[in-house]
Amino acid sequence: MAYSFKCFHFFIIIFILHVFTTTQISSSTDDSSFNNFLDSAKSPEIFDWMINIRRKIHENPELGYEEFETSELIRSELDKMNIPYKHPVAITGVIGFIGTGFSPFVALRADMDALPMQEMVEWEHKSKVPGKMHSCGHDAHVAMLLAAAKILKEHEKDIQGTVVLVFQPAEEGGAGAKKILDAGALENVTAIFGLHIDPALPIGEVASRSGPIMAGSGFFEAKISGKGGHAAIPQQSIDPILAASNVIISLQQIVSREADPLDSQVVTIAKFEGGSAFNVIPDYVTIGGTFRAFSKQSFNQLRQRIEQVIIGQAAVQRCNATVDFLEEWEPFNPPTVNNGELHEHFVNVAVNMFGIDKVNSVMTPSMGAEDFSFYQEVIPGYFFFLGVKNASDKQAESFHSPYLKINEDGLPYGAALHASLAASYLLKHEHDVPGVEGKYHDEL
Ligand SMILES: *[C@@H]1O[C@H](CO)[C@@H](O)[C@H](O)[C@H]1NC(C)=O
Ligand SMILES: *[C@@H]1O[C@H](CO)[C@@H](O)[C@H](O)[C@H]1NC(C)=O
Ligand SMILES: *[C@@H]1O[C@H](CO)[C@@H](O)[C@H](O)[C@H]1NC(C)=O
Ligand SMILES: [Zn+2]
Ligand SMILES: [Zn+2]
C-alpha cells in the first residue's frame, strides 16, 4: 500500500513536468477547440438524448450476435447525424466514420450485448425482456459512443484524420472483437480506445494503468469416466466421484506450487456434475471451470498443466479423462494490455478534462477479462474505467449483478473523454503516415 502511494506521488510530479514540457513542444498543434467537449456532453441537448438512447437499449437487451434492434437504433442515429457507416460487420456490428476519410485512423469501441439474466432493479426503464439484462453497462457504452460521435461530428472540420466508431457485438462470450478484426474493418487503424463503466468508481472519475490491466481467460470442461455400480459394493465399480474430487484438489496446486507468486493466476472449478442417487456410483462426472493469467506464456503454461493434471490424476484412480477447452464456443481471451504511449495520452487528456485528483493512473489490475484484448493484439490499444457510482448507494453492485444500477450523470464524462481522446490523438499524429488513404473515402 505504502509503496504504491509513494509511487503515485512520484508519478504526479513526473506528470506535471511532462505536461509542462509537452505543452511547450506541441504549441504548434492547437486542440483548444476540443476543450469544451465536457460542457457539450452535459448540455441538455446531448445529455437528454444520450440518456434516452441508453434507456431504450436498457429496456430491450439483446444477447451476443442478436443485437439486431440495438444495431438498427445505432444506424438510425448515425443516419440522423449524417455519419457514414459500414454494416453488417460481424453480423450486427456497425463501423462509423467521422473526419477526412484519410489517415491517420483512430478507433473508439463500444460493445452492444446484454447478459442472460433477469433484471431485479425496479425502475421505470427496467428490462422488458424476461431473462435478459444489460448488467454489464454495454447499453451505456453504446449511448456514450453515439454522444461522442455527435460531438465529433459537430467539430468535423477540425478533425485531422478519421475517427472510426466501432459498435461491436458479443463481448460477453463469442469474441465479437475478433470477428470485427477478421472482417478487416480496422485496417490502417493505429490506435483504439475502449471504456467500461465502473459501478464502484464515483462519477467524474476514471481509472486505468499502463501494461496488463485485465487477465487472459479460458474455459475448460473435463469428463472423468469410471464404471458405475452399487454404492455398497465399491470394489465392482471405478468411482469417478472420488477421482474428480482428487482432480480438483490437484488442480488447486498448479497456481499455489507451480506459478510465480508475483504473477497472478487463477484456476477455478465452477461446475461439478455427476451422480443422482444416494446408492449408485455413476459412470462419469463432468467438471468445468476457468483459468486466468496476465501473460500469454503463463496462460499457455496453465492450459497445458490443467490438461496433464486432469488426465494424470484421473488415471491414478483408474479413470479415463478427456479435456475440452471449448475454443469453438469461446476462443481464449488474451490478456488486456494497455499500450504505454497511449497511457500517457490518456492521462494527459483525462487530467486536462477532469483534474488530476479524478484520474487514477495506477489502478489495480483485475482478474476479469475483456475481449478488447483481441484488438490490442494487432493495434496499440487502451482500455479504461469510467465512474458511474451513485454517491447515495453505500455498497455498489458489481458487474453482472441483477441489481446493477448506473448513475447516468456519469455518462457525459465518458462521451467527452472518448471524443477528446480521438480528436487530440489525430492532431498529434496528423503527419505520421502520409498518403495512406482509407477505402471509406471512396466508398462512402
Ligand atoms: C479407459 O480407456 C481404455 C482404453 O480405451 C479402456 O480399455 C478402459 O476400459 C477405459 N477405462 C474406463 C474406466 O473407462
Ligand atoms: C441514486 O440513488 C438514489 C437512491 O436509490 C436514487 O433516488 C437516485 O435517483 C439515484 N441517482 C441517480 C443519478 O441515479
Ligand atoms: C488501408 O490502406 C491501404 C493503403 O493505402 C489501402 O489500400 C486500404 O484500402 C486501406 N484499408 C482500409 C480499410 O481503409
Ligand atoms: Zn461483462
Ligand atoms: Zn462489459
Side-chain angles (χ1 to χ4, degrees), residues 54 57-58 61-65 67 70 109-117 119 127 132-145 166-177 193-201 207-208 213-215 217 219 222-229 234-244 246-247 274 281-286 290 292 310-323 330 333 336 366-375 383-388 396-406 410-411 414:
R54 186 253 155 172
I57 299 173
H58 191 85
E62 297 173 298
L63 303 184
Y65 297 124
E67 307 94 336
T70 306
R109 173 271 209 162
D111 38 14
M112 308 186 288
D113 55 326
L115 284 149
M117 58 199 297
E119 174 159 15
S127 167
K132 292 181 192 170
M133 178 191 180
H134 268 290
S135 52
C136 203
H138 300 183
D139 50 347
H141 299 171
V142 170
M144 284 186 273
L145 187 53
V166 182
F167 296 94
Q168 175 214 301
E171 191 283 326
E172 305 283 4
F193 294 93
L195 67 70
H196 207 292
I197 56 124
D198 183 346
L201 195 64
S208 189
I213 181 169
M214 296 184 88
S217 144
F219 298 99
K223 185 175 174 186
I224 295 163
S225 306
K227 183 164 166 269
Q235 74 277 19
Q236 290 178 1
S237 294
I238 299 174
D239 183 357
I241 291 195
L242 179 62
N246 278 314
V247 163
I281 292 170
D283 272 328
Y284 65 90
V285 164
T286 308
T290 182
R292 311 275 165 124
I310 292 175
I311 292 170
Q313 185 61 58
V316 170
Q317 252 95 28
R318 298 175 296 155
C319 286
N320 293 336
T322 53
V323 185
E330 167 75 7
N333 253 338
T336 303
S366 146
M367 295 309 299
E370 239 300 329
D371 86 345
F372 189 78
S373 54
F374 285 107
Y375 300 118
F383 194 71
F384 61 95
F385 289 88
L386 173 84
V388 292
E397 290 295 332
S398 78
F399 311 105
H400 297 199
S401 160
Y403 295 98
L404 179 82
K405 281 183 284 186
I406 288 178
L411 303 199

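In this chain, numbering begins with 1 at the start of the sequence shown. When a ligand or atom number is given, it counts from 1 through the structure's own listing order.
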* **Sub-3.5 Å N/O-N/O distance, R318 and ligand 1** => no

* Asked: Can T336 and E370 be counted as having a side-chain donor-acceptor contact under 3.5 angstrom?
  -> no

* Asked: Quick one: side chain to side chain donor-acceptor pair (under 3.5 Å) partners of H141, sequence neighbours excluded?
  -> D111

* To do: Might you check, step by step, whether the distance between atom 11 (N) of ligand 1 and some protein heavy atom is under 4.0 Å?
  => yes

* Do R109 and D371 sit within salt-bridge range, that is, some charged N less than 4.0 Å from a carboxylate O? -> yes

* Checking side chain to side chain contact (heavy atoms under 4.5 Å, CB included) for the pair I197/I406: CA distance, chi angles, key distance, verdict? -> CA-CA 8 Å; I197 56 124; I406 288 178; 3.9 Å; yes

* Asked: Is the closest side-chain donor-acceptor distance between E119 and H58 under 3.5 Å?
  -> yes

* Is there a protein heavy atom at a distance of less than 4.0 Å from atom 14 (O) of ligand 1? -> yes

* Structure fact -> Closest non-hydrogen atoms of I224 and A314, given as atom of the first, atom of the second and distance, are CG2-CB, 4.2 Å

* Heavy atom of the protein closest to atom 5 (O) of ligand 1 (residue, atom name, distance) -> N320 ND2, 4.7 Å

* Asked: Measuring to protein heavy atoms, does anything land under 4.0 Å from atom 3 (C) of ligand 1?
  -> yes

* Under 4.0 Å from atom 7 (O) of ligand 1, do we find at least one protein heavy atom? -> no

* Structure fact -> Here the pair of heavy atoms bringing C136 nearest to L115 is CB-CD1, 4.0 Å

* For ligand 1, which atoms have a heavy atom of S225 less than 4.0 angstrom away? -> 13 (C)

* Begin with the C-alpha distance, continue with both residues' side-chain angles, and end with the deciding distance and a verdict on ring pair (Phe, Tyr, Trp, His ring centres under 6.0 Å) for H196 and F399. => CA-CA 10 Å; H196 207 292; F399 311 105; 5.1 Å; yes

* Tally of protein N, O or S atoms, where distance to the Zn ion (ligand 5) is under 2.8 Å -> 3

